[in-house]
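Accompanying notes for the structure given below.
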Amino acid sequence: MAGNNPTSSEYIQHHLQNMTFGLHPEHGLGLAHSAQEAQEMGFWAIHLDTMGWSIGLGILFLWVFRMVAKTATTGVPSGLQNFVEMMVEFVDNSVRETFHGKSKLIAPLSLTIFCWIFLMNLMDLVPVDFLPMLAQKIGAWFGADPAHVYFKVVPTTDVNATLGMSLAVFALIIFYSIREKGFSGFVAELTLHPFNASNPFVQALLIPANFLLEAVTLLAKPVSLALRLFGNLYAGELIFILIAMIGLWQLPLHFAWATFHLLIITLQAFIFMMLTIVYLSMATEKH
Amino acid sequence: MNLNLTLIGQAIAFAVFVWFCMKFVWPPVMQALQERQKKIADGLDAASRATRDLELAQEQAAEQLKESKEQAAEIIEQAHKRANQMIEEARDNARLEGERMIESARGEIEQETQRAKEELRTQVATLAIQGAERILDSSIDEAKHRELVDKLAAEL
């Protein structure tokens, strides 16, 4: 618990605030001491906890997989190699079933998405107070007010993280669309679809309507991708925080919710991966 | 919950991770998987080939066994035939030999008879003469009647 017996709402808000580093108009460069200050820092601030955990987990994932990849034998695989191969084959099969074009990028991209998001989601199962408390102790040791040390452990409960990934996927969607269909083909897909007329004049009238519909369809992809993951994990995290407030009874409840949440974090990682594959295969397929 | 630079940082980190995975993780694992797949396929292939070879060898062995059995039967058959033939030949030979021996015995008997007759003839003549001599008490002129008795003897 943060500070000197905070109220429930303070406790929840404290848990939902990222450790923000940026340039404050009044206090200068440094960590935000409150949600208000973080807001005032505007766009040019960075969430140190989100970045730290996500990069750390990404490196953990790549380190394990790279270690296996380096020593991969064609003989009888060891335990860890077995696991890695299982993951790789699982992702490879998913990609093969959905994406019919040729691409060296899609499969490793999907593997990275699945494993990375899964690891980030997995941080949700660490008891909600454990790591923030540790951060507060360390912060206090450095002379900071523990009440103002914010530390959010699960990167996917930060909309920046999920939106960052979905925007990267969005960039890939546009890149693949243009590469496969050409720039004119991409524009034609946005404007000559779904309403079509043989009369050029009528067609010209239909272009704005088509563009509106298609633009919404296109933009909805990254937004829904990001918000689906964020929403699920944020809600799950919130329920963990609420459970953490009810005293001793939290133990069975926490266990029950964690068991259920284990399903959600796997499912959300899988959904993000599958939708990325589907969007990219849609981008490469001609109508 | 405010959007900020984390967005871009996260996108960059994501891109770097994907690049690393694509460059250094995916290809070696995939290669190992494919090589193992090939190895297993080869192994299964070899196993099926060996099974086929075994079947072929068994078939050949069975065929050879059958052939040799047939040969053995043929040889036995021939041997039987040969034995029968030999017995037949021996029987024929024996019969011929017997006939020949009977023939020669008959010739000998004939000869003996002839000789006995000859001897008998001369002895009969002598005996007749002696008897006649005894009966007639040498009254008969030997020279005179010799011719007569010889004639008589020749009629024997």
Side-chain angles (χ1 to χ4, degrees), chain A residues 16-18 20-22 35 38-39 41-48 50-51 54-55 58-59 61-62 65-66 68-77 81 84-85 87-89 92 104-105 107-109 111-113 115-116 155 158-169 171-172 234, chain B residues 1-70:
Chain A
L16 293 179
Q17 178 60 39
N18 280 107
T20 317
F21 180 84
Q39 203 106 50
M41 282 176 180
F43 185 76
W44 298 106
I46 194 159
H47 291 161
L48 289 181
T50 301
M51 290 306 294
S54 61
I55 289 174
I59 287 170
F61 149 66
L62 288 175
F65 273 57
R66 173 67 187 156
V68 169
K70 261 198 299 197
T71 56
T73 58
T74 54
V76 181
Q81 193 187 342
V84 167
E85 284 179 2
M87 295 300 302
V88 167
E89 276 203 314
D92 195 44
K104 277 187 174 156
L105 175 67
L109 171 78
L111 180 70
T112 311
I113 286 175
C115 294
W116 196 28
D158 181 357
V159 76
N160 289 296
T162 59
L163 203 57
M165 279 189 288
S166 73
L167 284 180
V169 171
L172 279 176
Y234 190 80
Chain B
M1 257 235 292
N2 29 346
L3 287 176
N4 57 24
L5 207 58
T6 315
L7 187 75
I8 295 166
Q10 195 75 15
I12 292 169
F14 179 53
V16 171
F17 289 154
V18 169
W19 170 81
F20 186 88
C21 184
M22 189 175 79
K23 227 42 189 179
F24 299 110
V25 173
W26 192 265
V29 174
M30 251 354 231
Q31 198 192 345
L33 280 177
Q34 273 160 3
E35 266 169 29
R36 179 160 340 115
Q37 218 166 27
K38 194 171 165 291
K39 232 164 138 180
I40 291 171
D42 286 352
L44 288 177
D45 219 36
S48 73
R49 210 173 322 122
T51 315
R52 217 168 40 238
D53 283 355
L54 183 67
E55 255 168 39
L56 216 67
Q58 273 174 343
E59 234 166 69
Q60 260 177 359
E63 206 170 302
Q64 276 184 349
L65 196 67
K66 210 177 100 194
E67 229 169 73
S68 28
K69 264 185 187 162
E70 267 169 19

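Letters go in sequence order (proteins before strands), and every chain restarts at 1.
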Looking only at A:Leu111, A:Val84, A:Thr20, most heavy-atom pairs under 4.5 Å shared with chain B are made by A:Leu111

Bottom line for A:Leu172: the part with an atom under 4.5 Å from chain B's heavy atoms is neither

Between A:Phe43 and B:Leu3 the two heavy atoms that sit nearest each other are CD1-O, 3.8 Å

Scored by heavy-atom pairs under 4.5 Å with chain B, the best of A:Val68, A:Leu109, A:Leu48 is A:Leu109

Heavy-atom nearest pair, B:Leu33 first then A:Val88, reads CD1-CG1, 4.0 Å

Chain B shares the most heavy-atom pairs under 4.5 Å, among A:Ser166, A:Pro77, A:Gly22, A:Ala35, with A:Pro77

Ranked by heavy-atom pairs below 4.5 Å to chain B, first place among A:Gly42, A:Ser54, A:Ala72, A:Ala107 goes to A:Ala107

Distance col, row B:Phe20:CZ vs A:Phe65:CZ, nearest 0.5 angstrom, shows 12.0 Å

Heavy-atom closest pair (A:Ala69 atom, B:Val25 atom, distance to 0.1 Å) is CB-O, 3.8 Å

Okay, A:Thr162 and chain B: the region with an atom under 4.5 Å from a heavy atom over there is neither

Note: vs chain B, highest number of non-hydrogen pairs under 4.5 angstrom among A:Ile113, A:Leu105, A:Thr112, A:Val169 is A:Thr112

Rounded to the nearest 0.5 angstrom, the CE-CD distance for B:Met30 and A:Glu89 is 7.0 Å

Q. Counting N and O atoms only, with roles assigned by atom type, does the side chain of B:Thr6 sit under 3.5 Å from a partner on the main chain of A:His47, one being a donor and the other an acceptor?
A. yes

Check: Counting only heavy atoms not in B:Glu63, do more than 12 sit closer than 6.0 Å to its CD atom?
Finding: no

Here the pair of heavy atoms bringing B:Phe24 nearest to A:Arg66 is O-NH1, 2.6 Å

Nearest heavy-atom approach of B:Ala11 to A:Gly164 is CB-O, 3.5 Å

Of the listed B:Val18, B:Ile40, B:Val16, B:Ile12, the one with the largest count of heavy-atom pairs under 4.5 Å with chain A is B:Val18

Ranked by heavy-atom pairs below 4.5 Å to chain A, first place among B:Pro27, B:Ala32, B:Cys21, B:Pro28 goes to B:Cys21

Mind checking whether B:Phe17 and A:Leu62 have side chains closer than 4.5 Å, heavy atoms only?
yes

Q. Side chains of A:Thr50 and B:Gln10: closer than 4.5 Å at any heavy-atom pair?
A. yes

Heavy atoms of B:Met22 and A:Lys104 approach each other most closely as CG-O, 3.7 Å

Okay, A:Leu167 and chain B: the region with an atom under 4.5 Å from a heavy atom over there is side chain

Worksheet item: When you look at B:Trp26 and A:Asp92, which way does the side chain to side chain contact (heavy atoms under 4.5 Å, CB included) test go after all the steps?
Response: CA-CA 10 Å; B:Trp26 192 265; A:Asp92 195 44; 3.6 Å; yes

